[in-house]
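One structure is given here, and the rest of the page talks about it.
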Amino acid sequence: MSQTYIVDLKNNVGKSVTIKGWLYNKRSSGKIKFLQVRDGTGIVQGVMAASDVSPEVFKQGDGITQESSLEVTGTVRADKRAPGGYELTLRNVKVIQIAEAYPITPKEHGTGFLMENRHLWIRSRKQAATLKVRAEIVRAIRDFFDDRGFVLVDTPILTPAACEGTTTLFEVEYFGDKAYLTQSGQLYNEATAAALGKTYCFGPTFRAEKSKTRKHLMEFWMVEPEIAYADLDDVMKLSEEFIVFIIQRVLKNRREELEILERDIAALEKIKLPFPRVSYPELIKLFKEWGHDFVDGNDLGAPEETVIGEKFDQPVMIHRFPMKVKAFYMKADPKNPDLALCVDVIAPEGFGELIGGGQREDNLKTLEKKIKEHKLPANAFKWYLDLRRYGSVPHGGFGLGLERTVAWLCGSEHIRECIPFPRMLYKIYP
Ligand code: 4AD
Ligand code: MG
């Protein structure tokens with residue numbers, strides 16, 4: 001039997017269609033039963049009158065439980081009062097399977113319970129809306145870089161060394177050797193950028209983050225562009241254009257989902273170029289003005305990100321952090337060698353760091369020294385140093401966390417709702 005998707009009902013007014021889906025909710029009033037059906041593309045109410053269907057079908061309606069799978073056939077009617085704007089006058093209902101008592105009911109559930117049932121929770125309206133926004137963001141990310149001549153490269157997941165510090169490495173056995181799940185594709189991208197000019201990688205990255213926060217996952221997706229012949233200013237410009245591009249795309253294509261999520265859309269609509277740029281030394285002064293206690297020389301933590309997110313209604317680009325708190329590959333600012341040519345982009349409304357990036361150290365001798373200072377295994381970085389031996393150029397790039405971006409655009413309290421199956425501290429089920 002042919003199938004129509006709920007999203008396409010608008011093109012089928014007056015026609016008879018069959019929707020294949022699951023029962024979302026139902027109620028009845030005397031000789032009429034209302035079956036709300038979802039099919040992944042939307043929800044539609046089917047109105048079943050005793051006079052329109054066979055007595056068996058009408059009677060069967062009582063036994064259809066929440067999340068039972070079913071096919072409903074009926075005529076599409078435009079109705080402004082109906083959720084979604086359309087209703088079905090039902091002629092037939094075919095049950096595929098009667099669901100057992102469904103654990104997630106319209107009443108409130110605790111998050112622990114919902115996470116245990118994540119495989120079912122994703123059927124809920126808000127969760128499904130979040131996953132659609134995520135998919136839209138992924139498409140926007142690919143379009144942005146593909147349309148600007150960046151070449152997509154896939155960097156390895158199993159790696160011999162750390163990129164972002166040794167404390168968050170996931171170790172695996174590799175034929176009697178040690179390997180680590182990648183924390184970032186950046187180092188490999190520095191090689192691909194020297195080969196292809198402008199590249200990006202986009203895939204899962206892994207960090208054994210030992211603290212429980214609402215912004216950290218053990219497995220998260222990151223998109224990382226890398227550009228040969230680029231400096232910190234180029235990286236900052238690309239970052240802000242990229243973020244605005246993503247927002248515009250989501251506002252254009254996923255407004256309905258943002259409404260389902262009750263997102264304050266105006267807060268997203270006002271995001272404009274250029275983003276404010278604040279150097280670390282300037283930030284220290286601002287913290288003093290705001291009366292926020294912060295030790296000069298420290299990295300930003302969640303409290304600082306929250307304060308910054310409250311003071312600005314735009315993403316803020318904090319640049320030139322102290323070298324001491326940043327990764328080994330950062331290039332020092334020639335004007336002040338204690339500061340790194342790097343940038344963190346902090347989201348408004350307390351959603352935290354979206355992007356980390358900057359200009360890379362391109363001098364062989366300096367980089368050799370840095371690898372020693374950071375006590376990194378020289379052997380594993382031999383190939384990386386080659387990039388400074390053979391045609392080294394100024395270059396840079398950044399990494400944007402996909403789930404952080406989804407959380408911000410959807411207004412999600414917790415990043416765990418921004419990936420289909422989150423991997424969290426001590427939690428790997430389902
Ligand atoms: O700032 P990070 O650590 O930067 C890098 O990994 C660079 N090597 C990227 C580059 O220059 N190519 O991570 C980049 C972004 C963060 O700004 C944040 O959005 C996200 O990745 N991120 C996480 N998201 C979820 N859970 C975690 N545990 C995350 N750690 C970082
Ligand atoms: Mg960072």
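Nothing here was measured: the structure is a model prediction, and the numbers come from that model.
By the 4.0 Å N-to-carboxylate-O rule, Asp313 lies too far from Lys272 to be salt-bridged with it.
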Under 3.5 Å, which donor-acceptor pairs link side chains of residues 411-421 to any protein atom two or more places apart or in another chain?
{"residue": "His414", "atom": "ND1", "partner": "Arg416", "partner atom": "N", "Å": "3.0"}
{"residue": "Glu417", "atom": "OE1", "partner": "Gln127", "partner atom": "NE2", "Å": "3.0"}

Ignoring hydrogens and angles, write down the donor-acceptor pairs under 3.5 Å from the side chains of residues 35-44, residues two or more places apart or on other chains.
{"residue": "Arg38", "atom": "NE", "partner": "Glu67", "partner atom": "OE2", "Å": "3.1"}
{"residue": "Arg38", "atom": "NH2", "partner": "Glu67", "partner atom": "OE1", "Å": "2.7"}
{"residue": "Asp39", "atom": "OD1", "partner": "Thr41", "partner atom": "N", "Å": "2.8"}
{"residue": "Asp39", "atom": "OD1", "partner": "Thr41", "partner atom": "OG1", "Å": "2.8"}
{"residue": "Asp39", "atom": "OD1", "partner": "Gly42", "partner atom": "N", "Å": "3.3"}
{"residue": "Asp39", "atom": "OD2", "partner": "Ile6", "partner atom": "N", "Å": "2.9"}
{"residue": "Asp39", "atom": "OD2", "partner": "Thr41", "partner atom": "OG1", "Å": "3.4"}
{"residue": "Thr41", "atom": "OG1", "partner": "Ile6", "partner atom": "N", "Å": "3.2"}
{"residue": "Thr41", "atom": "OG1", "partner": "Val7", "partner atom": "N", "Å": "3.0"}

Show the atom names and distances, to 0.1 Å, of all donor-acceptor pairs under 3.5 Å that link a side chain in residues 286-303 to residues at least two apart or in another chain.
{"residue": "His292", "atom": "NE2", "partner": "Glu304", "partner atom": "OE2", "Å": "3.0"}

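Between Glu224 and Gly399, the closest heavy-atom pair is CG-CA, 3.8 Å. Taking all atoms of both residues into account, the shortest heavy-atom contact from Glu353 to Glu305 is N-OE1, 3.4 Å. In terms of heavy-atom proximity, Ala267 sits nearest to Glu349 at CB-OE2, 3.7 Å. Annotation for Phe321 and Ile318: closest pair CE1-O, 3.3 Å, computed over non-hydrogen atoms. Nearest heavy-atom pair, Ile98 versus Gly63, reported as atom, atom and distance to 0.1 Å: CD1-O, 3.6 Å. Here the closest heavy-atom approach between residue Asn12 and residue Thr4 is recorded as ND2-CG2, 3.8 Å.
Listed by chain and residue number, Ser239, Val343, Phe398 satisfy the side-chain contact (heavy atoms from CB on, under 4.5 Å) test with Val235 (two or more places apart in sequence, or in another chain). Scanning for side-chain contact (heavy atoms from CB on, under 4.5 Å) contacts around Ala179 gives Val172, Tyr174, with sequence neighbours left out. Partners of Lys212 according to the side-chain contact (heavy atoms from CB on, under 4.5 Å) rule, which considers only residues two or more places apart in sequence or in another chain, are Leu425. Partners of Thr199 by side chain to side chain donor-acceptor pair (under 3.5 Å), not counting sequence neighbours, listed by chain and number: Thr192. By the ring pair (Phe, Tyr, Trp, His ring centres under 6.0 Å) test, Phe150 is found to be paired with Phe145, residues two or more places apart in sequence or in another chain being considered. Partners of Glu256 by side chain to side chain donor-acceptor pair (under 3.5 Å), not counting sequence neighbours: none found. In this structure Glu368 satisfies the side-chain contact (heavy atoms from CB on, under 4.5 Å) test together with Leu364, Lys365, Leu385, Arg389, sequence neighbours excluded. Under the rule for a side chain to side chain donor-acceptor pair (under 3.5 Å), Glu241 has no partner lying at least two apart in sequence or in another chain.
Between Phe170 and Phe206, the angle of the ring planes goes over 60°, which puts this pair in the perpendicular group of the 30/60° scheme.
The closest side-chain donor-acceptor pair between Thr73 and Thr18 falls under 3.5 angstrom. For the residue pair Asp146 and Tyr200, a side-chain donor N or O sits within less than 3.5 Å of a side-chain acceptor on the partner.
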Evaluation steps, ring-ring contact (aromatic ring centres under 6.0 Å, His included), between Tyr102 and Tyr24
CA-CA 11 Å; Tyr102 193 63; Tyr24 188 72; 9.7 Å; no
Report the C-alpha distance between Thr168 and Tyr180 in whole Å, list the side-chain angles of each, state the deciding distance to 0.1 Å, and finish with yes or no for side chain to side chain contact (heavy atoms under 4.5 Å, CB included).
CA-CA 10 Å; Thr168 62; Tyr180 309 96; over 6 Å; no
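Sorted by first and then second residue, the salt bridge (charged side-chain N to carboxylate O under 4.0 Å, His left out) pairs with a member in residues 177-200 read Glu190-Arg388; sequence neighbours excluded.
For the atom pair CG of Leu258 and CD of Glu136, the computed distance is 10.0 Å after rounding to the nearest 0.5 Å.
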